[in-house]
Amino acid sequence: MANRKSGILLHPSSLPSAFGVGDFGQAAYTFLDRLAEATQTLWQILPLVPTDAGGSPYSSASAFAGNPLLISPELLLEEGLLSEADLQNASVPPAARVDYEKAAAVKLPLLEKAFQAFQQKEAPADYAAFQAENAYWLADYALYTALKQHFLSVRATEEAAEGFDLFCEECAGLSLSEEKLHEYYDNVSWVSFPRGLKRRNALSLKKWRRQLAPAIEKEIFLQYIFQKQWQAVKAYANEKGISVIGDAPIFVSYDSADVWAHQKLFRLDSKGFPTCVTGVPPDYFSETGQLWGNPHYAWREHEKTGFAWWLSRIQKNLQDVDILRIDHFRGFSACWEVAFGAEDARGGKWASAPGEAFFTLLKEKLGSPLPLIAEDLGIITDEVAALRDFAGLPGMRILQFAFGQEKNNPYLPHCYDKNTVVYTGTHDNDTTNGWYQAATEQEKDHYRRYLNVDGSNAAWDFIRLALSSPADTAILPLQDVLSLGTEHRMNIPGTTKGNWSFTFSFDWWQEGFSEGLRYLSALFGRNEQAEKAAEETDEFLRYVAFPLPLCYSNKM
């Protein structure tokens, strides 16, 4: 029973903040205090990487870098890099959702001021060491980001933009729509760089590193500060007995430093465009599938290098977190690939990947068991399950997928193996209360009879079910702990607006929520601290025990 754990899913961007988006300031430490009070020993987050314009951490310019918007201005004040006046002039009114555009408008000027102040001081003793230890990704990322910013500003001026359109030369004859071409052109992805940079000519790289040296230095500074602040948060979590679960999307964005710096590792044509992109076929979330648009890996090239890029990526992630969830794990067995330029994912096909060779090497390098979780949702074949078991990884089960169908649905807790991570829902699901409101009558009926409840408190019914399940690990989205409705969900897959913007107030976190988690964790043998804290059982029971009558209804 000692290995049974539970915790809460919440991305740092959702923490309360005076600057438009959550960060690594005091709210992160308050959240960890609340976790400890509730005797929870896991904090799961989403990828910490820079997001796209819509705030998605699954669409990033780097698989290694941190998101500068998560840097805390208050901590920069403590370091003497900002003033009280800087912060007072930059705060924004509290809002119901994170607004990334406003947050960037507020935070980026503060980060610029902090960088200017940093340059006036003697560099910290660990600054050079940080650059040396992270040079394998940091140099390319800092240059790439500086180049993007430079060419975006060039593009904005009519005189400089004239003659810069390389698509006439580089992309003639492509079977892409004009709209698609302009998407790459207007966003200044690396395929639109001048030829020498695009092809990473050594002389071009040297020239631009020299020309953009101040901008490159700023990006290095931001990554240094990000890492310093995040590692302090992680250390505080670990001191309280809380392990951090991170998240690594299996694929990377085409418009990224990773693809630009390692073009041979991706399936690109002679002009630099993908020959195929990734996604998933039609499923629970979408009738037309999901077309992610990430370039597919050239797996043979990865094998030739001994999976060096992947090993570096996993090792870097495990410096930032204690456990790592591999998003879309099945892509290591086979991936759904679609022709570049397709309108949706329906016309794709499965393409195999060398997962067994990769995980064999990973176990040799990191030891066994691997501190990884396999996101094995969706269409899971015997081959995918065999690879997950070969790697020795726990899989995932979602309670919102459990009801309304067959009695031996693998998402029903009585079907679980203990080497499983159970979620009431994930960032891609509705809140559990929202799920119940939208569920079919068959789903509602099955859930009520399975739990012997009346459906009046679906979120905490699911929390109790998750914690009581055979799964060694249970993860609860904060929205469910706070009993929130569908308006507070994090993401709707297949949509591009209004996502990744959940935020909350600590005022919503009632005392009973912490006590309920403490009681249930102790009752079902999770988290050693919970067992020591379960002294006032009767007090806890009034928050979490629901003495409801049997819910009689039509049999399934």
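Nothing fancy with the numbering, it's 1 onward along the sequence.
- There is no side-chain donor-acceptor pair under 3.5 Å between Thr486 and Gln437.
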Expected list for residues 242-252: side-chain donor-acceptor pairs under 3.5 angstrom, two or more places apart:
| residue | atom | partner | partner atom | Å |
| --- | --- | --- | --- | --- |
| Asp247 | OD1 | Arg325 | NE | 3.2 |
| Asp247 | OD2 | Tyr58 | OH | 2.5 |
| Asp247 | OD2 | Arg325 | NE | 3.3 |
| Asp247 | OD2 | Arg325 | NH2 | 3.0 |

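- A distance-only check finds a donor-acceptor pair linking the side chain of Tyr100 to the backbone of Trp500 [under 3.5 Å].
- Two residues are said to be in side-chain contact when any heavy atoms from C-beta on lie closer than 4.5 Å; Phe64 and Ser312 meet this criterion.
- In this model, a donor atom of one side chain and an acceptor atom of the other lie less than 3.5 Å apart for Ser501 and Arg97.
- With sequence neighbours excluded, no residue forms a side-chain hydrogen bond (donor to acceptor under 3.5 Å, both in side chains) with Gln229.
- Partners of Ser17 by side-chain contact (heavy atoms from CB on, under 4.5 Å), not counting sequence neighbours, listed by chain and number: Phe19, Asp23.
- Judged by a 6.0 Å distance limit and a 45° cone about the ring axis, Lys444 is not positioned over the six-membered ring of Phe403.
- Taking the side-chain contact (heavy atoms from CB on, under 4.5 Å) definition, one finds that Asp382 meets it with nothing, sequence neighbours left out.
- Aromatic ring centroids of Phe24 and Tyr29 lie 6.0 Å or more apart.
- Aromatic rings of Phe359 and Phe329 (six-membered ring for Trp) have centroids within the 6.0 Å cut-off, being under it.
- Asp33 meets the salt bridge (Lys or Arg N to Asp or Glu O under 4.0 Å) test with Lys240; sequence neighbours excluded.
- Side chain to side chain, Thr424 and Asp480 meet the donor-acceptor criterion of an N or O pair below 3.5 Å.
- Within the 4.5 Å cutoff, side-chain heavy atoms of Ser521 are placed close to those of Ser6.
- The aromatic rings of Trp509 and Phe504 are tilted relative to each other, their planes meeting at an angle between 30° and 60°.
- For Asn134, the side-chain contact (heavy atoms from CB on, under 4.5 Å) partners are Phe130, Trp137, Leu138, Lys316, not counting sequence neighbours.
- Note on residues 361-389: no pairs pass ring pair (Phe, Tyr, Trp, His ring centres under 6.0 Å), not counting sequence neighbours.
- Judged purely by distance below 3.5 Å, without hydrogens or angles, the side chains of Ser456 and Asp454 pair a donor atom with an acceptor atom.
- Of the possible donor and acceptor atoms, one in the side chain of Thr30 sits under 3.5 Å from a partner among the backbone N and O of Gln26.
- Within the 4.5 Å cutoff, no side-chain heavy atoms of Thr473 are placed close to those of Pro394.
- Remark: Glu133 pairs with no residue by the salt bridge (Lys or Arg N to Asp or Glu O under 4.0 Å) rule, at least two apart or across chains.
- Proximity of a side-chain donor or acceptor of Trp43 to a complementary backbone N or O of Ala237 within less than 3.5 Å is not detected.
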I'd like a table of donor-acceptor pairs (distance under 3.5 Å, sequence neighbours excluded) in which one partner is a side-chain atom from residues 361-378, with atom names and distances.
| residue | atom | partner | partner atom | Å |
| --- | --- | --- | --- | --- |
| Lys363 | NZ | Phe390 | O | 2.7 |
| Glu375 | OE1 | His328 | N | 2.8 |
| Glu375 | OE2 | Leu377 | N | 2.8 |
| Asp376 | OD1 | Met396 | N | 2.7 |
| Asp376 | OD2 | Arg388 | NH1 | 2.7 |

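- For Leu484, the side-chain contact (heavy atoms from CB on, under 4.5 Å) test picks out Gln479, Leu482, His488, Phe502, Trp508, with sequence neighbours left out.
- Taking the salt bridge (Lys or Arg N to Asp or Glu O under 4.0 Å) definition, one finds that Asp322 meets it with Lys234, sequence neighbours left out.
- Because its NZ or CZ atom is both nearer than 6.0 Å to the ring centre of Trp350 and within 45° of the ring axis, Arg330 counts as a cation-pi partner of that residue.
- A distance-only check finds a donor-acceptor pair linking the side chain of Asn409 to the backbone of Ala402 [under 3.5 Å].
- Checked against ring-ring contact (aromatic ring centres under 6.0 Å, His included), Phe358 has the following partners two or more places apart in sequence or in another chain: Phe307, Trp310, Phe332.
- Inspection of the Arg464 and Tyr519 side chains reveals no N or O donor paired with an N or O acceptor under 3.5 Å.
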task: Kindly determine whether Thr432 and Gln400 satisfy side chain to side chain contact (heavy atoms under 4.5 Å, CB included), including the steps that lead there.
output: CA-CA 7 Å; Thr432 294; Gln400 290 184 23; 3.3 Å; yes

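- With no hydrogens or angles considered, a side-chain donor-acceptor pair links Thr426 and Asn429 at under 3.5 Å.
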